[in-house]
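For reference, the structure is listed below as structure tokens.
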Amino acid sequence: PSIRKRSGRGRTIARPLDRILTRQSLVDVRKGPDCSLAPNLRYTSRVVKLEENMVVAEKFRLNRLLGRGGMGSVWHATHIGLDTACAVKFIEGNFAALPEAHQRFEREAKAAAQLRSPHVVQIMDNGVWEGRPYIAMELLDGEDLKKRLARGKMLPNEIASILTQVCRALSKAHAAC
């Protein structure tokens with residue numbers, strides 16, 4: 001697949017998506033982790049499997065899986081000490097063993113924690129548990145975009161509202177840089 005953009009003079013600029021992703025991450029989307037980035041690293045199958053009712057880092061009880069992506073998962077959890085609902089994001093599988101993935105995840109947590117906006121999720125905590133990095137954040141109520149799109153076509157005012165919120169979040173993030 002490729003991303004195509006028309007310039008003002010009618011020229012087409014194409015950039016393969018997989019090449020962009022591979023350059024900017026540790027992962028070739030077709031092959032998985034690039035082991036040459038950490039040649040002395042041995043992957044282990046001893047990573048603890050995340051399950052419902054598991055207590056993580058002595059702080060969070062995992063209630064249910066909210067979603068899983070290419071590199072990780074997000075769980076609905078309860079902060080045990082505060083008795084409040086939260087979301088906990090984890091790096092999964094072989095990615096949990098890559099030092100570069102740990103560093104990227106920590107940078108993500110620190111950068112997001114600096115932002116204060118109703119359009120950006122608030123970070124509560126981050127760390128490493130059983131060799132697996134995690135980020136704990138506020139749990140947001142509502143419908144995700146995938147579910148909303150499954151309900152049918154969106155009206156222009158709905159699209160404008162979502163884009164306005166995304167732009168406000170991006171503006172806040174850029175202002176923090």
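Predicted model, so just to flag it, every value in this text is computed and none were measured.
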A quick test of your reading: do over 12 heavy atoms of other residues, nucleotides or ligands sit less than 6.0 Å from CG of D83?
no

All heavy atoms of A96 vs all of R132, minimum pair found to be CB-CA, 4.4 Å

Do L62 and E52 have side chains that approach each other closer than 4.5 Å (heavy atoms only, starting at C-beta)?
no

Are M71 and L98 connected into the same hydrophobic cluster when the rule is that any two of I, L, V, M, F, W, Y join if their side-chain heavy atoms are below 4.5 Å apart?
yes

How far does OG1 of T84 sit from CE of M124, to the nearest 0.5 angstrom?
4.5 Å

Candidate pair D125 and H79, rule side chain to side chain contact (heavy atoms under 4.5 Å, CB included), full reasoning:
CA-CA 10 Å; D125 191 15; H79 187 290; 6.0 Å; no

Atom NE2 of H76 and atom CG of N63: how far apart are they, to the nearest 0.5 Å?
5.5 Å

Would you say the side chain of L66 lies within less than 4.5 Å of the side chain of L139, judging by non-hydrogen atoms?
yes

Nearest heavy atoms of A101 and F95, plus distance in Å
CB-O, 3.3 Å

Give a yes or no on whether the backbone of Q122 and the side-chain of E138 come within a donor-acceptor separation of less than 3.5 Å.
yes

Which of V88, I91, N126 passes side-chain contact (heavy atoms from CB on, under 4.5 Å) with I135? It is N126

In terms of heavy-atom contacts, does CD of E143 have more than 12 from other residues, nucleotides or ligands at under 6.0 Å?
yes

Could you check whether E106 pairs with K110 (Lys NZ or Arg NE/NH1/NH2 to Asp/Glu carboxylate O, under 4.0 Å)?
yes

d(T164 OG1, I159 CD1) to nearest 0.5 Å is 11.5 Å

If only atom types and distance count, is the side chain of S171 paired as donor or acceptor with the main-chain N or O of C167 below 3.5 Å?
no

If you measure from NE2 on H119 to CD on Q165, what distance do you get to the nearest 0.5 Å?
6.0 Å

Can you measure from CD (E51) to CG (L65) and round to the nearest 0.5 angstrom?
12.0 Å

Closest heavy-atom contact between Y134 and F60?
CE1-CE1, 3.7 Å

Between I123 and A113, the two heavy atoms sitting closest are CG1-N, 3.6 Å

Do I80 and K59 come within less than 4.5 Å of each other through their side chains, counting heavy atoms only?
no

For a 4.5 angstrom cut-off between non-hydrogen side-chain atoms, does W129 reach L50?
yes

Heavy-atom closest contact (W75 atom, R64 atom, distance)
CE3-C, 3.3 Å

Is it the case that one hydrophobic cluster holds both F90 and V128, taking links as side-chain heavy atoms less than 4.5 Å apart, direct or via other members?
no

Rounded to the nearest 0.5 Å, the CD atom of E92 sits from the NZ atom of K49 at a distance of 10.5 Å

If you apply the rule side chain to side chain contact (heavy atoms under 4.5 Å, CB included), what do you find for L145 with M154, and how did you get there?
CA-CA 10 Å; L145 186 57; M154 293 177 67; 4.2 Å; yes

In this structure, would L149 and V166 fall into the same cluster of hydrophobic residues linked by side-chain contacts under 4.5 Å?
yes

